[in-house]
Protein chains: 2
Amino acid sequence: MTLLQAWEGEADCRNCTLRESALFSSLTEDDFAVVHGQVEQVTMSPGDILYKIADPGYHLFTVRSGLVKLVQYLPDGTQRIVRLAFGADVIGLEMMVGEHYLHEVVALRTTELCRYPIAAVNRICTTNAALHADLMSRWQRALSEAEASLVLLSTGTAKRRMANLLLRLLDGQDSSECFLFSREDVGSILNMTVETASRTLSEFKRQGVIKEIRNNHFDLDVPAMKVIATI
Amino acid sequence: MTLLQAWEGEADCRNCTLRESALFSSLTEDDFAVVHGQVEQVTMSPGDILYKIADPGYHLFTVRSGLVKLVQYLPDGTQRIVRLAFGADVIGLEMMVGEHYLHEVVALRTTELCRYPIAAVNRICTTNAALHADLMSRWQRALSEAEASLVLLSTGTAKRRMANLLLRLLDGQDSSECFLFSREDVGSILNMTVETASRTLSEFKRQGVIKEIRNNHFDLDVPAMKVIATI
DNA sequence: CGCGCAATTGAGTTTCGTCAAAATCGGTGG
DNA sequence: CCACCGATTTTGACGAAACTCAATTGCGCG
């Protein structure tokens with residue numbers, strides 16, 4: 001299934017709730033006018049594929065709400081989730097400097113995105129230093145994310161990695177609740193089998209450091225979890 | 001030891017062997033004249049530290065020869081190598097958009113670098129679109145590297161990860177020789193103990209897929225190694 | 001030559017993966 | 001509303017892989 005929900009047409013950028021943090025937050029009114037008409041909104045359901053590896057494409061995306069996974073494949077076909085994107089994360093940046101997308105992007109929840117044409121971004125980029133700076137920040141953010149994944153989610157025991165994932169998925173700054181996805185995806189992020197993922201969560205429940213409020217929705221004992229994350 | 005070998009003074013950029021692939025390869029003569037006087041060469045011995053995490057700094061670096069590791073630390077103090085840099089890799093890019101370095105950078109072999117002032121790069125960046133594009137490519141390259149590390153060096157069994165590391169360290173395109181560093185650093189890249197690293201290499205020797213030519217210098221049976229890397 | 005550090009090897013334990021079975025969930029249709 | 005189905009999740013038993021601790025070997029260097 002590469003088909004998405006229908007494009008929802010022109011976006012209302014001026015009233016965008018992400019206006020401050022989204023790409024283009026630093027544009028002048030003139031520059032903004034150039035892209036504005038070319039921005040479109042996309043809505044994805046869980047499991048929908050935004051694009052695949054090596055797809056040609058002409059768009060950048062900003063995640064408005066929801067959560068997507070960025071997947072790469074090993075030579076033998078097993079998949080590995082290399083990044084999660086949410087908040088105001090930008091995905092598809094590699095198209096600014098290359099010919100193809102480098103990931104497969106799949107929605108893990110209902111997800112809304114904005115779609116920008118690369119050509120327009122590139123055009124503005126040549127004259128607008130602020131956008132340039134903004135793009136560099138986005139790149140650095142993606143890089144920091146990838147490295148954090150490496151350090152937090154790929155180092156240590158299964159329990160430790162799981163604790164770091166749960167902490168990272170906390171809804172807000174001072175929330176203690178988080179929403180988890182399938183065990184298979186958990187395994188693909190943390191480099192473990194679905195059985196180990198399941199067993200680890202069960203043990204957390206038994207220890208009382210997580211409580212399942214409703215399906216796949218957990219309430220964490222954050223301090224305890226932070227301890228586990230550093231053992 | 002944060003002390004480096006003495007700065008070796010002004011670089012001879014015009015005759016640089018990396019001229020084509022180094023940062024600034026796309027500069028005009030005028031722009032080039034601006035930075036030229038500000039570029040300096042650095043030489044590091046194995047174990048020397050270029051900079052530490054959270055160090056303030058005003059420089060980007062290009063690796064001219066040798067090999068450095070980029071290290072991050074877990075809350076409990078254990079270290080993890082998040083990237084290796086060599087060839088014409090640029091390090092310290094995060095200083096273009098932030099206040100501090102995000103890694104500790106340590107030489108694994110005798111290493112030569114060029115040092116550019118961030119301020120000069122930023123200045124040229126505002127007028128020179130080619131440099132802009134070049135910088136974005138560097139960022140994307142670093143990101144691809146980080147993700148390749150995740151997929152190749154952090155997925156699968158110890159043997160598989162080791163095989164991928166050895167293949168990645170091959171001297172040249174069609175060389176079968178590679179130079180390895182300490183078992184502790186190997187363990188820090190592949191997320192395994194020094195004992196497992198040592199045992200894995202010993203098994204490779206017994207199987208005949210690697211031969212130790214001289215200390216830590218191996219000749220690989222590349223096809224066999226590629227098979228191991230995909231099992 | 002001997003010292004110190006890194007690397008290797010061995011033995012025992014823990015963790016994790018594999019395979020298989022049972023339980024749970026979500027959706028569908030009677 | 002409930003029974004049934006497939007898919008996902010959980011649990012159990014076993015074996016393989018990797019870690020820990022400890023002892024030994026090998027290497028570089030004074």
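First the proteins, then the strands, lettered A, B, ... as listed; each starts at 1. Note that this is a predicted model, so its numbers are computed, not measured.
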Q. Taking for each residue the nucleotide of DNA chain C with the nearest heavy atom, is it A:Gly156 or A:Asn215 whose nucleotide lies nearer the 5' end?
A. A:Gly156
Q) Considering only side-chain heavy atoms of A:Ser198, which listed nucleotide, C:dG17, D:dT9, D:dA18, is closest? A) D:dT9
Q: Using atom CZ of A:Arg160 as one end and atom C1' of D:dC19 as the other, report the distance to the nearest whole Å.
A: 14 Å
Q. With a non-hydrogen cut-off below 4.0 angstrom, is B:Lys159 in contact with a base, only sugar-phosphate, or nothing?
A. nothing
Q. B:Phe218 has an atom CZ; how far is it from atom P of C:dA7, in whole Å?
A. 10 Å
Q) Do A:Asp171 and A:His217 have side chains that get closer than 4.5 Å, going by heavy atoms? A) yes
Q. Within less than 4.0 Å of OP1 or OP2 of D:dC19, is there a side-chain N or O belonging to B:Thr196?
A. yes
Q. From C:dC16, C:dG17, D:dT9, pick the nucleotide closest to the side chain of A:Thr193?
A. C:dG17
(Q) Nearest to the side chain of A:Arg199, heavy atoms from C-beta on, is which of D:dT9, D:dT11, C:dT9? (A) D:dT11
Q. When the distance from CE of A:Met192 to P of D:dA16 is rounded to whole Å, what number comes out?
A. 22 Å
(Q) What is the distance, to the nearest angstrom, from the CG atom on B:Asn191 to the C1' atom on C:dT15? (A) 13 Å
Q | Any side-chain heavy-atom pair of A:Leu201 and A:Leu180 under 4.5 Å | A | yes
Q. What do you reckon, is NZ of A:Lys226 surrounded by more than 12 foreign heavy atoms closer than 6.0 Å?
A. no
Q: Classify the ring geometry between B:Tyr101 and B:Tyr51 as parallel (under 30°), tilted (30 to 60°) or perpendicular (over 60°).
A: parallel
Q. Separation of A:Lys205 atom NZ from C:dT24 atom P, in whole Å?
A. 11 Å
Q: Take the protein atom CG of B:Leu201 and the nucleotide atom P of C:dT8, then report the distance between them rounded to whole Å.
A: 7 Å
Q) Quick one: A:Arg183 CZ to C:dT18 P, roughly how many Å, whole number? A) 19 Å
**Q.** Separation of D:dA18 C1' from B:Arg161 CZ (nearest whole Å)
**A.** 9 Å
Q | Side-chain donor/acceptor contact of B:Glu195 with base of D:dC21 under 3.5 Å | A | yes
Q. Quick one: is B:Ser202 getting a side-chain N or O under 4.0 Å of the C:dT9 phosphate, OP1 or OP2?
A. yes
Q: Find out whether A:Leu143 and B:Arg83 are in side-chain contact, i.e. whether some heavy atom of one side chain is under 4.5 Å from a heavy atom of the other.
A: yes
